[in-house]
Amino acid sequence: MEKKIVIRTRFAPSPTGYLHLGGARTALYSWLYARKQHGEFILRIEDTDAKRSSPKYLNSIIESLEWLGINWDGEVYFQSKRIEIYKEYAKKLISSGRAYYCFCPAKGEERKEEKELENCSCINLPSSKTKELENSNIPKVIRFKVPKESVKLYDLVREEITFQSDTISDFVILKSDGIATYNFAVVIDDALMKITHIIRGDDHISNTPRQLMLYKALDFKIPKYVHLSMILGSDRKRLSKRHGATSVTYFKENGYLPQALINYLSLLGWSTSDSQQILSKEDLLNKFSLKGISKNPAIFDYDKMLWMNGQYIRKMGIKELTNRFIDYLKKEKIYLSSKDKWYQEIAALHQSRIRTIRELLPQTSYLLNKDIEIEEDAANSYLNSKKTIEILKEVREFIALASDFSSNNLEEVLRNLIAKLKIEAKEIIHPLRVALTGTTASPGIFEVIHLLGKEKVLRRIDKVIQRSE
RNA sequence: GGCGCCAUCGUCUAGAGGACUAGGACAGGUGGUUCUCAGCCAUCAGACCGGGGUUCGAAUCCCCGUGGCGCUACCA
């Protein structure tokens, strides 16, 4: 039987910041591609830049991936633990004549010095001289000798891209501190880890010819490539901090659901042929394919993300919604364990009114807080007339007498009052809403009365009556 | 500057030469449901970057422009 090739993809973040949306999408696509084909997905941390890497970011990236449900196979690889491997391969390239030591000083910040490398003649140093310098204290790097031939990249979504090698100069593969550069380490790792498909951002396209040359020089098998276009902010610039929320952590902490983020991200640069919008993880695993990946950069639309999250909140079980609500109450230190049943009723009543869990807090403050502030405009519109106050006095008495405080019974009681007074329902409902919630928008008034409870309701009505006198 | 990628409604996209009167989703408008708001339902408006080819026929293929983005480090 023919040996089946196992698909292996990887996600290779550098721990120099939180997991951002672009990285999360790259990870997601790689993960989907591997999982769909029962392949393997590997996590590799590219932490060769010790100055910028930090454990704080590493932990946060891992936490974010776990939150999203993107799981990886085997151990987590760290490039910082593999520096000897890179060194070994760099030496190999030296001995095969594909690389050479360079003793030139590092290029300065200034663009002007671009010519510098052309003046570098280290490649022509006689071997005796090289030996001598190698053993001296002069800092040295290893440069790859770029072959004079064009390089073709076959990208699975962009097809063939050709690069002329004369636009590429001999680049550093091993820095003077003995650590491999990105372009070198990535090739060694991907080859050694038998990665079959490299799915990454298209900011790496320009790097790819260098990597391809290294594959060839080291006689490694070239993997398949898929370059994903960038995620941009609303100003069409690459998404970054100044566009606001860009880290997965932000979404996690602000009441978004992982499945909603996954769903939204999946659609940012990929689609099904029928443009299906709501896709569960199972749907994605079934339907994901390279064919649906689009080449143009995509602007992250916070509005649509919010809508998507709302969709998932509405589909959520009430128990789960309540638990998440309670988590926020705990965070705000206003949780009362005796009120779980009440919290559940609140959550149920607001389920269709929120787009993030966090929105529950401001939307239910009139229930959670002892007292309320009445908005001036609302009061002016609904609590100003003498008649209204008289009506509220009647309402107060009816409510005070009510023994059954279910919303159904409250509705019956108040509808009776409305009939008795021969007024329109809204003449009671609107002022009552303002008196009880402080605003003109809330869930159904009878549910509000029920959830508030007799004590708070009477107190708030009394306050409004007093206020008018 | 050089090299590269990309180009359909405001946004995400469907579309792989005739099925396009260019479809869906978000956002927006209007109407309905209703005690308000939200939700839900219905409905409207809204795009093929420009110019040349190729072809009987182009959103789709080719070329040139233009625009956006990326890379051009001893960052990744």
Side-chain angles (χ1 to χ4, degrees), chain A residues 12-17 46-49 51-53 79 102 104-109 111 114 139-143 153 155 158 161-164 166-169 171-183 185-186 200-210 227 229-230 232 234-238 264 267-278 291-292 294-308 310 314 350-355 359 363 378 382 411 414 418 424-434 437 439-446 448:
Chain A
S14 55
T16 54
E46 310 218 320
D47 55 352
T48 53
D49 185 348
K51 278 177 289 226
R52 294 198 304 146
S53 300
Q79 288 192 326
C102 169
C104 294
K107 200 195 280 179
E109 292 280 295
R111 266 193 118 50
E114 204 139 325
K140 57 181 185 292
V141 299
I142 296 180
R143 282 186 190 276
L153 156 63
D155 184 286
R158 287 160 210 267
I161 305 168
T162 306
F163 302 87
Q164 298 305 326
D166 52 22
T167 61
I168 299 169
S169 52
F171 55 93
V172 173
I173 56 176
L174 211 68
K175 296 183 263 184
S176 56
D177 58 6
I179 293 172
T181 58
Y182 162 74
N183 277 311
V186 80
R200 53 158 47 155
D202 75 2
D203 48 341
H204 287 293
I205 289 182
S206 305
N207 281 321
T208 312
R210 292 182 180 82
H227 285 97
S229 55
M230 300 278 93
L232 311 177
S234 51
D235 56 358
R236 298 206 159 273
K237 299 260 185 266
R238 196 206 213 137
Y264 180 71
L267 254 24
L268 208 58
W270 173 82
S271 62
T272 60
S273 54
D274 61 356
S275 287
Q276 183 182 345
Q277 300 295 308
I278 303 294
K291 262 186 68 187
S294 62
K295 293 186 271 200
N296 30 341
I299 293 172
F300 191 92
D301 184 349
Y302 289 91
D303 277 335
K304 188 158 182 180
M305 177 67 237
L306 226 31
W307 167 81
M308 185 72 81
R314 252 147 259 146
H350 289 79
Q351 184 162 24
S352 68
R353 318 171 69 85
I354 52 170
R355 292 169 304 173
E359 281 179 358
Q363 281 201 30
Y382 293 104
E411 173 153 19
L414 287 171
I418 287 160
E424 279 189 275
K426 50 174 83 156
E427 289 181 84
I428 278 187
I429 289 169
H430 289 171
L432 205 45
R433 168 169 289 112
V434 175
T437 70
T439 72
T440 55
S442 84
I445 195 68
F446 307 110
V448 167

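Keep in mind that the numbers below use all heavy atoms, side chains included, and drop hydrogens, waters and symmetry copies. These numbers come from a predicted model, not from an experiment. The chains referred to below are lettered A, B, ... by the order of the sequence lines, with proteins before strands, and numbering in each begins at 1.
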Can you check the A:Q363 CD to B:U36 P distance for me, whole Å? 17 Å

Look at the side-chain N and O atoms of A:K51 and state whether any lies under 4.0 Å from the OP1 or OP2 oxygen of B:C74. no

Interatomic distance, A:R52 CZ vs B:A73 C1' [rounded to whole Å]: 11 Å

Taking donor-acceptor contacts at under 3.5 Å, does the side chain of A:R158 reach the base of B:C5? no

Which is true for A:P13 with a 4.0 Å heavy-atom rule: it touches a base, it touches only sugar-phosphate, or it touches nothing? nothing

Report the base-pairing partner of B:G2 (Watson-Crick or G-U wobble, both distances below 3.5 angstrom), or none. B:C71

Could you check whether any side-chain N or O of A:Y264 sits under 3.5 Å from a backbone N or O of A:D301, counting only pairs where one atom can act as donor and the other as acceptor? yes

Please tabulate, one pair per line, each protein N/O and nucleotide N/O from nucleotides 65-67 of chain B that are separated by under 3.5 Å, including the distance.
none

Rounded to the nearest 0.5 Å, how far apart are OG of A:S229 and CG of A:D203? 10.5 Å

So, does the side chain of A:T167 form a donor-acceptor pair with the base of B:C3 at under 3.5 Å? no

Quick one: do the A:T181 and A:N183 side chains pair a donor with an acceptor below 3.5 Å? no

Do A:R200 and A:T208 have side-chain N/O donor and acceptor atoms under 3.5 Å apart? yes

Expressed as a whole number of Å, how far does the P atom of B:C20 sit from that of B:G31? 32 Å

Listed partners of A:F163 passing side chain to side chain contact (heavy atoms under 4.5 Å, CB included), at least two apart: A:L153, A:I161, A:I205, A:P209

Rounding to an integer number of Å, can you tell me how far A:K237 NZ sits from B:C69 C1'? 8 Å

Using atom CZ of A:R143 as one end and atom P of B:C74 as the other, report the distance to the nearest whole Å. 6 Å

Any donor-acceptor pair under 3.5 Å from A:R52 side chain to A:T48 backbone: no

Is there a donor-acceptor pair under 3.5 Å between the side chain of A:S14 and the backbone N or O of A:T16? no

To the nearest Å, how far apart are A:Q276 CD and B:G24 C1'? 11 Å

Assigned partner base of B:A76, Watson-Crick or wobble definition, under 3.5 Å: none

Residue whose closest nucleotide on RNA chain B lies nearer the 5' end, A:K295 versus A:V172: A:K295

If we take the P atom in both B:C44 and B:A22, what is their distance in whole Å? 14 Å

B:C6 P sits how many Å from A:H227 NE2, rounded? 12 Å

Distance between the C1' atoms of B:C64 and B:A27, in whole angstroms? 37 Å

When the P atoms of B:G28 and B:G65 are considered, how many whole Å apart are they? 41 Å

Hey, is the side chain of A:R238 pairing donor to acceptor with the base of B:C69 inside 3.5 Å? no

Set of residues satisfying salt bridge (charged side-chain N to carboxylate O under 4.0 Å, His left out) with respect to A:R314, sequence neighbours excluded: none

I need the CG-C1' distance between A:N207 and B:A73, as an integer number of Å. 11 Å

Base, sugar-phosphate, or nothing for A:I445, non-hydrogen atoms under 4.0 angstrom? base

Across all strands, who's sitting opposite B:U36 as a Watson-Crick or G-U wobble pair, both distances under 3.5 Å? none

Does any non-hydrogen side-chain atom of A:L267 lie less than 4.5 Å from one of A:M308? yes

Among the nucleotides B:A76, B:A27, B:C35, which one has an atom lying closest to any side-chain atom of A:T181? B:A76

When every nucleotide of nucleotides 10-23 of chain B is labelled 5' to 3' by its protein contacts under 4.0 Å (heavy atoms), B for base, S for sugar-phosphate only, - for none, what sequence of letters results? -SBSS-B------B

Need the pair for B:C61. Rule: Watson-Crick or G-U wobble, both distances under 3.5 Å, any strand; none if unpaired. B:G53

Quantified in whole Å, what is the P atom distance between nucleotide B:G4 and nucleotide B:G46? 40 Å

With rounding to the closest Å, how many angstrom separate the P atoms on B:A59 and B:G23? 14 Å

Would you indicate what A:T16 reaches in the nucleic acid, counting non-hydrogen atoms under 4.0 angstrom: base, sugar-phosphate, or nothing? nothing

Spacing between A:D203 atom CG and B:G70 atom C1', to the nearest angstrom: 7 Å

Spatial distance of atom SG (A:C104) from atom NZ (A:K140) [nearest 0.5 Å]: 14.5 Å

So how far is it from A:K304 NZ to A:I299 CD1, rounded to the nearest 0.5 Å? 13.5 Å

Exactly one candidate in A:L174, A:D177, A:V172 meets side-chain contact (heavy atoms from CB on, under 4.5 Å) with A:V141; the answer is A:V172

Need the pair for B:U66. Rule: Watson-Crick or G-U wobble, both distances under 3.5 Å, any strand; none if unpaired. B:A7

In Å, rounded to the nearest 0.5 Å, how long is the span from OG of A:S271 to CD of A:Q277? 9.0 Å

Pair assignment for B:U43, Watson-Crick or G-U wobble, requiring both distances under 3.5 Å: B:G29

Residues that A:E411 engages under side chain to side chain contact (heavy atoms under 4.5 Å, CB included), provided they are two or more places apart: A:R415, A:F446

Euclidean distance for C1', B:U60 against B:G53 (whole angstrom): 15 Å

Describe the nucleic acid contact of A:H350 in one word from base, sugar-phosphate, nothing, applying a heavy-atom distance below 4.0 Å. nothing

Say we look at B:U33 and B:A38: how far apart would their C1' atoms be, to the nearest angstrom? 13 Å

Relative to the 5' end of RNA chain B, which residue comes earlier, A:S14 or A:S206, by the nucleotide with the nearest heavy atom? A:S206

Grab the N/O contacts between the protein and nucleotides 39-49 of chain B below 3.5 Å, and write none if there aren't any.
{"from": "B:G39", "atom 1": "O4'", "to": "A:S352", "atom 2": "O", "distance (Å)": "3.3"}

When rounded to the nearest 0.5 angstrom, what is the spacing between CD in A:Q79 and OG in A:S53? 9.5 Å

